[in-house]
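Quick notes on the structure that follows.
Residues: numbered from 1 along the sequence shown. These numbers come from the heavy atoms of this one structure, side chains and all, not from hydrogens, waters or symmetry mates. One-based numbering, in listed order, for ligands and for the atoms of each.
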Amino acid sequence: MGFEWYTDFVEIGYEPENEIVCFFRAEPDGISMEECAGRIASESSVGTWTTLSNLPERIKRLMAKAFRIEGNLIAVSYPLDLFEEENIPQLLSSVAGNIFGMRALRSLRLEEIQFPDDYLRFFKGPAFGVEVRKKLGIEDRPITATVPKPKVGYNAEEYAEVAYNSLVGGIDLLKDDENLTSQPFIRFEKRLEKVMRVVERVEMETGEKKGYLVNITAECKEMERRLKLVADYGNEFVMIDILTSGFSSLQTLRDLTEDNKIAIHAHRAMHGVFTRKPDHGISLRVITKLARLAGVDHMHVGTGVGKMAGSRKDVEELLKVCREKMGQLKQVMPVASGGLHPALIPEVLDIFGKDVIIQVGGGVHGHPDGSEAGAKALRDAIDSAMNGIPLWEYAERSRELRKALDKWGYVKPK
Ligand code: CAP
Ligand code: MG
């Protein structure tokens, strides 16, 4: 129509230089792919539905360009000046904002974002990443974590007891569940105090360094208060549900942890709302990449074998995002979690290698002999896999491992 200019944002064959490039999967509704591509580039940069009476030359230079259309895939390049330095919310308001709500697009999925170093250089990235190993003195094996289960409901005393049994059984990090924060029956301060006492007690008894992935998810100022309490105890980790809290809170938290050397464990609860549909939403690849920019140290990436969606190939793709060179950003320590138990450990190590945090909740606390035995069964399974010993053979000298194998066999939970 005469008043439209969407196709002015299409320049097939254009070669981006030092720009942000986004790859979208789009399903147009009654328009051509070229018009669809133009809408995406226009609405996510400087355009709108109609030509304008005023459009200075220097603003034309900020127009995004749809430069490749292959089937349903569209590549769009964005001049860097469209984006504020170190501002993830604004980036998402641009490339994951209005375009997802346009009537002319039946569906849209942001599959990938590529950042030039000139954009990355403003981000702190992970403070520690894989170097969290140094906090625990663990260099030659995966780090283990467990979440007390039932995931919510214990009071602080009961929780501390499960924590003690898990840590003394060999778990390195005690992790709060994603929906455990400060409920009436287990207020944050009391849980923190009890668990930190347990951490100190187990460190004394075992001579091993332990840590608490304490969930501080809350309103931003409250997270800051909780972070300070964690730092006062000398704990070197916090956990945040990064998507329910939002990237703004995450970036604030990253700034706050700069001084007290606290590692950030990122839980991705709620990602399934927009990552699971293959034709609409935002890919976990993009979410994981943004989490690395924001500066998380640990990031859940699925298991490839457990109860959460995500194939081995999907997990391997996310491992690349955690580990590939991205400007000056440190690597992220991946977390394998969701439906794991001792029998699945060899396959997990085959996928992840040793630089991984293996989180096992039900697979520890569902052990027939309780949490301490469950923890030992997990450590024995790791030891077995790290030394190339078949699990059943190792189980001949580990009652705990044998009983875990008896209960769960080699089931891949759904
Ligand atoms: C795992 C878990 C984690 C999921 C999150 C849970 O417990 O604590 O939150 O792994 O999914 O609540 O289900 P289990 P993801 O070990 O008992 O399964 O890691 O895919 O983000
Ligand atoms: Mg959980």
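At a heavy-atom cutoff of 4.0 Å, ligand 1 is contacted by no atom of Thr303, backbone or side chain.
A cation-pi arrangement, defined by a distance under 6.0 Å to the six-membered ring centre and an angle within 45 degrees of its axis, is present between Lys135 and Phe128. Geometrically, Arg201 engages Tyr164 in a cation-pi contact, judged by NZ or CZ lying under 6.0 Å from the ring centre and within 45° of the ring axis. Figure legend: cation-pi geometry between Arg25 and Phe23 absent, as NZ or CZ is not positioned both under 6.0 Å from the six-membered ring centre and within 45° of its axis.
The protein atom (non-hydrogen) at minimum distance from atom 18 (O) of ligand 1 is Gly339 N, 2.7 Å. Summary of contacts: the protein heavy atom closest to atom 6 (C) of ligand 1 is Lys149 NZ, 3.4 Å.
Ligand 1 lies within reach of His267, whose nearest heavy atom is under 4.0 Å from it.
His280 has its ring centre no less than 6.0 Å from the ring centre of Phe274. Checked against the 6.0 Å centroid criterion, the rings of His300 and His271 do not qualify as a close aromatic pair.
For the residue pair Asp176 / Tyr212, a side-chain donor-acceptor distance below 3.5 Å is found, with atom types taken as modelled.
Looking at Asp177, its N, O or S atom nearest to the Mg ion (ligand 2) turns out to be OD1. Shortest distance from the Mg ion (ligand 2) to Glu178 is reached at OE1 (N/O/S atoms only).
For the pair Lys307 and ligand 1, the shortest N or O to N or O distance falls below 3.5 Å.
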